[in-house]
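Along the sequence shown, the residues carry numbers beginning at 1.
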Amino acid sequence: MKHIFITTIALLALSLSHCKKDTVVGPEPEPEAPAPEGKLNILFEAMVGDSDLVFNTETYTNQAGNTFNVTMYRYYISNIKITKTDNSVWTEPNSYHLIDHDQPSSTLITMENVPFGDYKAIEFMIGVDSVHNLTPGTGALDPVNGMVWVWNQGYIMAKMEGNSPQSPASGNKLTFHAGGFSGSNKAMRIAMPSFNNDTAKVTHSVSPTIHMSSNLLEWFESPTVIDFATFHTVHSAGSDAKTIADNYADMFTVEHIHNN
């Protein structure tokens with residue numbers, strides 16, 4: 001009887017093992033392809049006419065024949081948009097950058113997550129858009145950067161300071177703080193410097209760099225020639241700030257593009 005019982009159990013176990021479904025082992029899942037996105041850099045290089053900007057020691061001459069030096073040169077770049085050769089447009093998110101030419105690390109903007117492709121054009125705002133003027137922010141928009149008029153609740157879009165013997169201000173100072181974000185006092189300007197038929201090619205192995213010249217002399221010429229003897233101080237929103245902003249609206253030039 002014991003032998004029959006053991007034999008029955010063995011047969012039952014064998015029967016159950018044949019009832020189990022075969023396990024199908026499929027192919028390994030394909031690894032996810034990396035996102036088709038890369039980086040694009042913009043390097044801002046300060047010029048005064050054909051000369052590199054050198055703070056404090058170098059003397060320059062504007063169109064009115066005034067001589068001057070430069071002790072500060074800053075401006076906001078925001079709302080950057082780049083256009084592909086197929087005319088599609090990519091806009092940098094949270095696009096606010098303070099360029100301070102006395103701080104070289106600030107003069108390089110690296111944009112992340114830029115879709116692969118060939119880009120033929122760029123557009124950006126000089127200054128900070130109206131919405132963000134209402135509440136000072138963080139990072140580039142932090143008031144600690146010295147680019148906010150606390151009493152006016154608005155940003156200084158661009159700032160240049162220096163000295164000129166032709167300026168009758170105390171210490172022969174030059175103070176040009178261009179701001180104003182509402183109504184007729186808006187000092188924000190849109191710049192669209194040409195790529196001159198060149199392209200910035202963003203690929204998995206190429207992060208191009210757009211070398212952007214910023215010409216300080218443009219602050220003091222066309223459409224209005226500035227004579228420091230009579231126009232040397234701007235530190236509030238209004239017609240004088242708008243005059244300076246109209247002048248510097250075309251201060252940017254794409255010198256060349258490095259696709260490497």
Side-chain angles (χ1 to χ4, degrees), residues 44 46-48 53 55-56 60 62-64 66 68-79 96-103 106-107 124-137 139-191 214-252:
F44 290 86
M47 305 292 292
V48 185
L53 172 61
F55 286 100
N56 302 305
Y60 306 100
N62 69 7
Q63 190 170 330
N66 308 142
F68 66 101
N69 68 0
V70 181
T71 58
M72 182 183 293
Y73 187 33
R74 301 175 182 172
Y75 45 83
Y76 277 107
I77 298 296
S78 65
N79 297 278
Y96 300 94
H97 308 274
L98 177 58
I99 309 299
D100 181 350
H101 284 286
D102 201 25
Q103 301 292 328
S106 76
T107 62
F124 52 83
M125 178 179 287
I126 309 171
V128 178
D129 52 81
S130 297
V131 172
H132 284 80
N133 270 270
L134 298 175
T135 305
L141 298 178
D142 195 319
V144 75
N145 295 316
M147 295 291 286
V148 177
W149 283 324
V150 177
W151 65 89
N152 201 39
Q153 295 185 355
Y155 283 94
I156 300 167
M157 312 301 174
K159 179 185 286 191
M160 178 271 174
E161 295 181 3
N163 303 86
S164 170
Q166 285 77 41
S167 170
S170 176
N172 302 121
K173 292 288 186 182
L174 299 174
T175 306
F176 296 101
H177 296 181
F181 65 92
S182 63
S184 61
N185 290 327
K186 288 183 178 180
M188 302 88 82
R189 296 293 181 269
I190 299 298
S214 171
N215 185 0
L216 181 57
L217 276 187
E218 293 291 343
W219 286 50
F220 311 123
E221 53 193 51
S222 181
T224 302
V225 176
I226 303 298
D227 185 342
F228 297 151
T230 56
F231 196 138
H232 48 79
T233 304
V234 177
H235 50 59
S236 62
S239 60
D240 287 347
K242 288 177 62 180
T243 294
I244 292 296
D246 286 341
N247 277 5
Y248 67 52
D250 64 348
M251 67 179 172
F252 293 106

Donor-acceptor pair, distance only, cut-off 3.5 Å: does the side chain of [X] make one with the backbone of [Y]?
| X | Y | result |
| --- | --- | --- |
| N172 | S167 | yes |
| N145 | G139 | yes |
| Y76 | A140 | yes |
| N133 | V128 | yes |
| S78 | G127 | yes |
| D240 | T233 | no |

Less than 4.5 Å apart, side chain to side chain, heavy atoms only: is that true for [X] and [Y]?
| X | Y | value |
| --- | --- | --- |
| I156 | W149 | yes |
| Y60 | N62 | no |
| F231 | T224 | no |
| E221 | I226 | no |
| W219 | L174 | no |
| R189 | K242 | yes |
| T107 | H101 | yes |
| M157 | Y248 | yes |

Return the minimal non-hydrogen interatomic distance between [X] and [Y], and the atom names on each side.
| X | Y | answer |
| --- | --- | --- |
| P168 | H232 | CD-CD2, 3.4 Å |
| D250 | N247 | OD1-O, 2.9 Å |
| D227 | A64 | CA-CB, 4.0 Å |
| A178 | A187 | C-CB, 4.4 Å |
| G137 | P143 | O-CD, 3.7 Å |
| K173 | N163 | CD-ND2, 3.6 Å |

Would you compute the distance between atom [atom1] of [X] and atom [atom2] of [Y] and round it to the nearest 0.5 angstrom?
| X | Y | atom1 | atom2 | value |
| --- | --- | --- | --- | --- |
| D142 | M147 | CG | CE | 13.0 Å |
| F181 | K186 | CZ | NZ | 10.0 Å |
| T175 | M72 | OG1 | CE | 9.5 Å |
| F124 | I190 | CZ | CD1 | 9.5 Å |
| Y75 | L98 | OH | CG | 10.0 Å |
| L53 | N69 | CG | CG | 10.0 Å |

Exercise for review: Classify the angle between the aromatic ring planes of H132 and Y96 as parallel (below 30°), tilted (30 to 60°) or perpendicular (above 60°).
Suggested key: tilted
Exercise for review: Measure up the F176 and F228 rings against each other and bin them: parallel (under 30°), tilted (30 to 60°), perpendicular (over 60°).
Suggested key: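 It falls in the tilted class, 30° to 60°.
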Check your understanding: For residues E161 and H177, is any side-chain donor paired with an opposing acceptor at under 3.5 Å?
Key ->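 Yes, H177 and E161 have a side-chain donor paired with an acceptor closer than 3.5 Å.
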Exercise for review: Give the intermediate values and the outcome of side chain to side chain contact (heavy atoms under 4.5 Å, CB included) for residues M188 and S130.
Suggested key: CA-CA 9 Å; M188 302 88 82; S130 297; 3.4 Å; yes
Review point. So Y73 and V48, side chain to side chain contact (heavy atoms under 4.5 Å, CB included) or not? Walk me through it.
Key: CA-CA 11 Å; Y73 187 33; V48 185; over 6 Å; no
Exercise for review: Could you check N66 against F220 for side chain to side chain contact (heavy atoms under 4.5 Å, CB included), going step by step and ending with a plain yes or no?
Suggested key: CA-CA 10 Å; N66 308 142; F220 311 123; over 6 Å; no
Review point. Side chain to side chain contact (heavy atoms under 4.5 Å, CB included) between F68 and M160: does it pass, once the steps are laid out?
Key: CA-CA 12 Å; F68 66 101; M160 178 271 174; 4.1 Å; yes
